[in-house]
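Here the structure is a predicted model, which is why all the values come from computation and not from measurement.
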Amino acid sequence: IPEDDPRNPAVIADLVGDNVGDCAARGADLFESIAAEIISAMILGGTMAKHCDIEDASGFILFPLVIHTFDLVVSAIGIMSIRGSRDSMSKTAIEDPMAILQNGYSVTLFLAVLAFGGSTRWLLYTEQAPAAWLHFALCGLIGIITAYIFVWISQYYTDYKYEPVRTVALSSSTGHGTNIIAGVGLGLESTAMPVLVISVSIISTYWLGKTSGLVGSDGQPAGGLFGTAIATMGMLSTAAYVLTMDMFGPIADNAGGIVEMSQQPESVREITDLLDAVGNTTKATTKGFAIGSAALASFLLFSAYMDEVASFSHVSFNQVDIAIPEVFVGGLLGSMIIYLFSAWACAAVGRTAQEVVNEVRRQFIECPGIMTYQVKPDYGRCVSIVASASLQEMIKPGALAVISPIVLGVVFKMIGQYTNQHLLGAKAVAGMLMFATVSGILMALFLNTAGGAWDNAKKFIESGALGGKGSDAHKAAVTGDTVGDPFKDTAGPSLHVLIKLLATITLVMAPLFV
């Protein structure tokens with residue numbers, strides 16, 4: 001039976017999964033990024049203003065809240081600007097939905113730049129450093145450009161208009177194995193450009209902040225980290241619009257499912273297939289955007305953690321020396337957490353999928369009337385299997401994320417006391433956090449992009465290329481898509497949350513490690 005056939009007892013679970021995974025979960029992911037960034041930026045702004053003896057620090061503290069208020073306004077205008085030029089009754093070729101969404105994004109970006117420039121002049125101008133606001137506005141501009149580049153890179157690697165996805169699709173014509181190899185290769189390659197962009201963004205905004213003219217009471221430049229915080233705000237200043245593009249994916253996917261289930265004509269399915277392929281790309285671009293913002297937010301939380309350790313221990317703590325064996329071991333364990341977490345997430349999907357397949361087979365055997373449309377399948381049974389498994393299976397990975405930094409910090413603190421190495425626990429946790437963030441960013445980029453590329457390679461073949469639906473190439477592409485689903489919908493997005501969760505837990509538990 002074809003995909004999204006109403007006789008399939010698991011079809012409703014599939015449509016529900018698209019909603020909860022790509023609407024609710026991505027919203028929670030970006031909400032967490034924005035919350036972490038607002039809190040860390042307000043703390044950094046207030047601390048820096050106090051350190052630089054600025055009389056009225058309210059502008060530096062309230063700035064993140066004002067920026068995200070503007071985000072709602074500019075994103076709303078961007079959403080309202082989305083218009084198609086083609087009449088619904090017209091027989092002309094369908095417009096590219098991605099181009100229409102991109103036009104709205106361009107409007108949102110333009111308005112975000114204006115709002116950011118005005119807000120920095122209004123709130124961050126100070127007599128002590130008259131040019132500081134301009135430096136911070138440039139930091140925000142770099143953040144906005146970083147967001148745009150991330151969206152473009154994700155689109156390049158996951159949209160079948162471009163070469164990478166077509167290469168994966170072409171590899172499907174020689175079998176299942178070559179499809180998997182091509183997808184894994186594409187995913188690994190896709191980590192390079194985003195990492196270069198994040199690296200340039202962090203260094204340039206730190207330097208712009210440092211040269212802003214703000215000087216601390218000790219005579220040293222003080223705006224470096226605040227510059228990076230403002231870049232994170234810039235990146236997230238269009239978050240509402242990017243989240244809107246993400247929501248487009250599951251809506252198009254569910255529309256395609258409803259069209260298939262209600263047995264609409266093939267011409268209708270062709271339109272929803274095109275929308276579905278664009279939806280896969282918008283989902284992938286949002287995941288790229290989310291991991292970029294998670295990387296910048298984690299950098300801020302890492303800096304906040306080091307400041308907190310210094311304030312509790314009354315000892316300067318601004319460097320982490322990985323030449324200390326215990327710190328290096330902490331880093332290794334941090335990287336291990338990422339891979340173990342990803343393994344448990346993918347394995348959980350595999351186990352649950354087997355349960356669902358067995359349930360579907362049972363219904364087909366016990367109720368032969370399902371295949372002739374005489375008996376309605378028990379859709380609710382598959383939904384309940386998946387819902388209960390999703391809660392049970394995440395206990396172990398969740399416990400790993402929460403418990404491991406605490407255990408690591410306490411154990412190495414005790415070793416430090418025994419060997420007379422001050423702050424060893426805090427240093428080992430810092431090493432763990434640093435390595436886990438780096439590994440997590442790369443792993444999430446790989447998983448998200450490979451999964452999106454496999455999915456759209458299948459969509460490209462279904463559009464009529466390489467033999468179309470039912471061909472050997474299509475069967476190989478379906479295998480790739482099946483492997484890609486736990487990559488892009490479970491392990492990849494979970495890592496965004498894991499990176500920020502580790503940073504938040506270490507920040508909250510810092511007094512334990514001193």
message: Using 0.5 Å steps for rounding, measure from the OG1 atom of T238 to the CG atom of L243.
response: 11.0 Å
- prompt: Does the side chain to side chain contact (heavy atoms under 4.5 Å, CB included) test come out yes or no for T232 and F299, once each step is laid out?
  reply: CA-CA 10 Å; T232 314; F299 177 71; over 6 Å; no
field: Distance, nearest 0.5 Å, that separates OG of S335 from CE of M434
entry: 11.0 Å
Y162 atom OH, over 12 foreign heavy atoms within 6.0 Å: yes
message: Using modelled atom types and a 3.5 Å cut-off, is there a donor and acceptor pairing between side-chain atoms of S201 and backbone atoms of V197?
response: no
query: Should we count CD1 of I77 as having more than 12 external heavy atoms under 6.0 Å?
result: yes
task: Kindly say whether M443 contributes a backbone atom to a donor-acceptor pair with the side chain of Y339 at under 3.5 angstrom?
output: no
task: Begin from the C-alpha positions of W152 and Y156 and carry the test ring-ring contact (aromatic ring centres under 6.0 Å, His included) through to its verdict.
output: CA-CA 6 Å; W152 183 84; Y156 174 72; 5.7 Å; yes
query: With K287, which residues qualify under salt bridge (Lys or Arg N to Asp or Glu O under 4.0 Å), at least two apart?
result: D489
- line: d(H474 NE2, T479 OG1) to nearest 0.5 Å is 10.0 Å
Ring centers of F116, F136 separated by less than 6.0 Å: no
message: Given 3.5 Å as the limit, does a donor-acceptor pair link the side chain of Y160 with the main chain of V165, or not?
response: no
message: Just so I know, are the side chains of W454 and V184 near enough to count as touching, which here means a heavy-atom distance under 4.5 Å?
response: yes
message: I need the L101 CG to M245 CE distance, nearest 0.5 Å.
response: 6.5 Å
message: Run the salt bridge (Lys or Arg N to Asp or Glu O under 4.0 Å) test against K459 and tell me which residues pass, sequence neighbours left out.
response: D276, D455
message: Could you measure the distance from the CG atom of L30 to the CZ atom of F289? Nearest 0.5 Å is fine.
response: 6.0 Å
task: Decide if the gap between the ring center of F226 and the ring center of F60 is smaller than 6.0 angstrom.
output: yes
- line: Applying side chain to side chain contact (heavy atoms under 4.5 Å, CB included) to A295 and not counting sequence neighbours gives I198, I441
- request: Please identify each residue that fulfils salt bridge (Lys or Arg N to Asp or Glu O under 4.0 Å) with E393, with sequence neighbours left out.
  value: R351
task: Using distance alone, with no hydrogens and no angle criterion, decide if T281 and N456 have a side-chain donor and acceptor under 3.5 Å apart.
output: yes
message: Are the side chains of F513 and V309 in contact, using a 4.5 Å heavy-atom criterion?
response: no
message: T47: which residues meet the side chain to side chain contact (heavy atoms under 4.5 Å, CB included) condition with it, sequence neighbours left out?
response: I43
- request: With rounding to the nearest 0.5 Å, note down the distance linking OG in S237 to CG in L141.
  value: 10.0 Å
field: Heavy-atom closest pair, residues L301 and K500
entry: CD1-O, 4.3 Å
message: Within the 4.5 Å heavy-atom criterion, are T211 and H135 side-chain neighbours or not?
response: yes
Any residue meeting side chain to side chain contact (heavy atoms under 4.5 Å, CB included) with V66, in chain and number order, not counting sequence neighbours: F70, S119, W122, L123
query: Do any N or O atoms from the side chain of S154 and from the backbone of V151 form a donor-acceptor pair under 3.5 angstrom?
result: no
